Every structure is written in C-alpha cells, then in structure tokens.
Amino acid sequence: MVRHKEVMKMRTYMIEKVVLVASIFSIVVDASRYIHRPDGAGPRLWSLPIQRSFVADDDSVIRLWPMPSQVTRGNSSISVSPNLGISLLVAGLRESQSSAIVVETFTRYKQIIFRHFESDPAKLNPIKVSVDSKQLYLDTIHVNITLDDDDLDFDTDEEYHLFIPSDLDTEQAYLQANTIYGAVRGLETFSQLCIFNFTSKETEIRSAPWDIVDSPRFKYRGLLLDTSRHYQPVEAIKQVLDSMAYAKLNVLHWHIVDEESFPLEIPSLPKLWNGAYSSSERYTTSDAREIVRYAKARGIKVMAEIDVPGHAESWGYGYSDLWPSSTCREPLDVSKNFTFEVINSILTDMREIFPFGLFHLGGDEVNTDCWSNTPEVKQWLDDNEMTAHDAYVYFVLRAQQLALSLGWQPVNWEETFNEFADMLDPRTIVHNWLGPGVAPKVVAKGFQCIVSNQDVWYLDHLNVKWKSFYTNEPLLGITNATEQQLVLGGEVCMWGETVDPSDLLQTIWPRAAAAAERLWSPLEYTSRLYDEVETRLEYFRCLLNQRNIAAAPVTNTFARSAPYGPGSCYVQ
C-alpha cells in the first residue's frame, strides 16, 4: 500500500516530467524566435525586445516584506553614512549579556546595506556636513531595548518601533523594542528601506520620515526542512536561515531523519548514523549546535523532529533489533523495551542541543502491517490484549511522555488527533497537513494547532502558485476568539525528495515569502489581494537575489522554473 505522502511525492515527480516535456515543446514552438548572428557565430535565442522596468525606482509602493502592522511615511530622501553606527542601550546599560546579538545583527546588515562600497573603511566617503552645519547623513541609529535577556522561546516578543527622520538636524533615528529579537526584526526592516543610488554612489532612504510600529500576527511562523530525503550541507541550511530572517520567519522545523536516512550523530548510540546515505552525509553534534546558534542570532528557533513509530527504517541499519524483522522494517518494534530506551537516549542527547520548548514526534502514516504479520510482535499484541491500532496509540503516548519528562511540549502530525484525540496528552500540539477543516476540529477540543495544509503550503507541490500560498488563512472556519488563540500559526514544508543544494532555495522562494506575510501582517491587509502585493513580492524576490539567495521568478508556471528570457529582475 502506497502511503498518502508517497502518492503526493509521485505526483510531484510526474508534474516535473510534464514540465520537462512542456519545456522541450516550448523550444520547438519558439524556434521562429531564433535569429542568426551576422558574424556567423550561430543562433541566438530571444530576438524580442529586452524587457525593462523602473519598478525599483517607483516610490509609490511601500517596498517592505512582510508588510508592517502600522506604517506612515513622507516624501523626502535622506542619505545614510557608510560609517553608520548604533548607540545601544539594553535595560539602560551600554554593555549587557544580550547586546552581542544586536551588535552582530547590525554588523551583518551593515555589510548588506553597503555592499557596493569598498571594504576598506579609509576609502569610504566621510560623513558630510553642509555649510550651514546641518547634518546631511544619517550616521547613528539609537537602539533602546527594554529587557536584558537573550532567551529565545515560544513567547518571545518580536514587536518593534522604528523611526527614521527626514530632518537629521533636529531628529534622530531610533529603534525601540522590548527584546533583542524585536530589535533584530526592526533592523531587517531598516535594511529593506536602504537603497543604493548608483548615480550619486550613496545609500538612500526614500519617502522619509518613516514611522513603523510592527509586531507579528502569529507567534509561530515556520519552515520545515527535510534533510533525510536529500542531505543538505550545513552551509545550505545556513542560507535557508538567512533567507528566513529576511522574511521574518521564526521557526526552522528540522525534519532531520526519516526512513531513508539517519544523518545525525547521537553520542549515546554511535551506530545510529550508520543509516546515513554515506559517511560524508552526516551532521555531528557540533554541526547541530552551530545551526542552533546561527538560527538564534537571527531570531529563529529550531524545532527538531524524529518521526515515530513510522518513517524510521533507517534506524535499524545501526541497531537492527529496532526492526520487527529483517524483512519487515517499520514501524519500529513496539514490543521491545529496547525501542523506547533508544528513543529516550535520542531525546536525552538532543535535549542538550535543541533548547526550544517544542519537539516534533511525528506519528503520521503508520502502517501497522509489520506488527500484525511478525509472529513475535503479534504474540506480544495478543499477550497484552492489544490490536495493532491499540499498539499505535500506546507507542505515540509513551513517546510523548518521554518528551514531556525532558521538558518538551510534544508536537504530532494530525493523524494522531484523527485517530485518538481523546487519548492524547492535553499539552499536545496538533500539526495539520492533510487538508483544510482540521484546525477547527482541533481547537474545538482544546488542543493547540499548527497549520500546514498540503494543498497550499507544501513547497514540493510545484504547481501551487504564490497566490494560493498567500490566501491560505490559518483561522479559516474558526470564529470563537478563545479557539483562535489556540492556532499558534503556520508552517510551509520543504520535503526533500526533489531538492538538494542545486535547487533548494529557488524551490522555497519566493512562495514561502507569500505565506510569511500571511503569518506576519494584519488580516485586514492580507485578506485583500491588491495588485501591489505581487509588485512587492517581485521586489522582495529581487532583494533575495541581491542577497545571494537564489529565489525563482514570482510568476512561474511551475515553482522553480528559470526566467523565460532576458529582462529586468522586476519584470518576471
């Protein structure tokens, strides 16, 4: 029996085959567009006029992504000094335990903002002062943070207030936030306001003054990254984290292992990563800690996942006793205490790496035939007066208790709710993926929920356009205010069957950005699909490209298709 997710993967595979055929057909049909060079050098494609655009210079559009909660702006321009600095106060102190993250963030964005300047500070333009002593360059951002705390968890406050003046002689730029992570979000917004003028060779902020008060609509804004179906190197994961910060996503759901491979080092069980594809496609504990550190510096939590009891065949290449039999390898053997000892050891080791308060235990697509068809396991079921379904319930609940004992709140895919909602621990967060209509049922029973409707928020579904990502509403069908609070947010999912470092980023972006704005910006804005939304998304896609994030064109027939021909980035 082919499981539902595998059916969806097969559908994606077939779609890509159709895309290939269509591309070949398109080349044949467009053969008339070839012309021969007068120098006899051979044919050149795209004889039509090159597309040009002045969208990048159109100040009528607020070119910020995601759209802030409250924005006012003026009609003046100011220049930003390449010697820009920050004046930082954290809880009234110049030096604090958490100020390092703010300084690191500012330094990172300064490199982005001034990427067209020479790196030698001595060669940078000095701050200029006019003859009447009025300051012409913004040279300082005053950053004031209320709390001296670098903890990053589920309820971390991300609100900020950013003010950029038009009269630098009488007013100063400031960024106010309750936490350092609110300041991180505000600095991203500031960086998007800075535009390099290639004529004057200066960085400008147009439409000043800016007064932005901003905070996210949902506290959970996630992206799942699957590193089991294809190994993603640490540097590729870091690029994903960089790009998530640009779109203000704040949870990396790291689907580390699955039935195909087990690439993570577990010190107490050193043979587990024998299930990796090769000895070169693995993550050490140091790698995992570095990913968590890198994410934290960008205000991103890392929620790890081990999917049990299904999707776990790879575990047995190191410890074959975890398989019901050598010919029937998953779900994990429910009849042995050894299975739960292994899970406990994995969770204990991972707790030292992943401090975030949520842990994903999977629980989806469990085909219990191996339990019923393996004599030893079947005997255990009979001795305990269990059906195979009873054993599925038993396994999920026992795994939940192991996670809870380590201080984690368990997250499970929706099948666990669909099959035995009344038996789940009340602290369970139910992760929707199968389709719409689940979240209202989940919150009606008092459970928290994360929305990842596969029809519109699965990035491996290449035929789903950005507008479907944008219009997917996590609170659809939920009108009770108390129940609405139980929807923590949503997550786009990058399953890894057809992505590796060669096509990872262009499959994620820009469609993930459409969901990111839905999760961040006010409903009264995102519920109305203005034409300018596409214009801003095209601008954001170009901004990602300029920041070395390989985002595909917005108006693709299929998600990660290449541009159709020469032209401006802003005419896609």
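Being a predicted model, the structure only gives us computed values, none of them experimental.
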Side-chain donor-acceptor contact under 3.5 Å, [X] with [Y]:
X: Lys301; Y: Thr156; value: no
X: Arg115; Y: Gln546; value: yes
X: Glu491; Y: Tyr220; value: yes
X: Thr535; Y: Arg63; value: no
X: Tyr160; Y: Gln176; value: no
X: Glu235; Y: Gln239; value: no
X: Ser452; Y: Asn432; value: no
X: Asn250; Y: Glu158; value: yes
X: Asn545; Y: Arg541; value: yes
X: Asp214; Y: Ser69; value: yes
X: Trp466; Y: Glu538; value: no

Salt bridge (charged side-chain N to carboxylate O under 4.0 Å, His left out) with [X]: which residues, sequence neighbours excluded?
X: Asp287; answer: none
X: Glu204; answer: Arg206
X: Glu159; answer: none
X: Asp242; answer: Arg298

- Item | Sub-4.5 Å side-chain heavy-atom contact between Val464 and Tyr458 |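 Heavy-atom side-chain distance check fails, nothing below 4.5 Å.
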Can you list the residues that meet the side chain to side chain contact (heavy atoms under 4.5 Å, CB included) rule with [X], with sequence neighbours excluded?
X: Ala288; result: Trp254, Leu264, Ile353, Phe354
X: His230; result: Gln232, Asp500
X: Ala295; result: Leu241, Ile300, Val302
X: Ser166; result: Ser76, Ala208, Pro209

- Output all residues satisfying side chain to side chain donor-acceptor pair (under 3.5 Å) with Asn75, sequence neighbours left out; order by chain, then residue number.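 Side chain to side chain donor-acceptor pair (under 3.5 Å) list for Asn75, sorted by chain: empty.
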- Item | For Gln485, side chain to side chain donor-acceptor pair (under 3.5 Å) partners two or more places apart |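 Gln485 satisfies side chain to side chain donor-acceptor pair (under 3.5 Å) with no other residue.
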- Message: So, applying side chain to side chain donor-acceptor pair (under 3.5 Å) with Tyr470, which one of Glu534, Arg518, Glu517 is it?
- Response: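 Option passing the side chain to side chain donor-acceptor pair (under 3.5 Å) with Tyr470: Glu517.
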- Item | Counterpart residues, ring pair (Phe, Tyr, Trp, His ring centres under 6.0 Å), relative to Tyr231 (two or more places apart) |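 Only Tyr283 meet the ring pair (Phe, Tyr, Trp, His ring centres under 6.0 Å) criterion with Tyr231.
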- Non-neighbouring partners of Cys569 that pass disulfide bond (SG atoms under 2.5 Å apart), sequence neighbours left out: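 For Cys569 the disulfide bond (SG atoms under 2.5 Å apart) partners, ignoring immediate neighbours, are Cys542.
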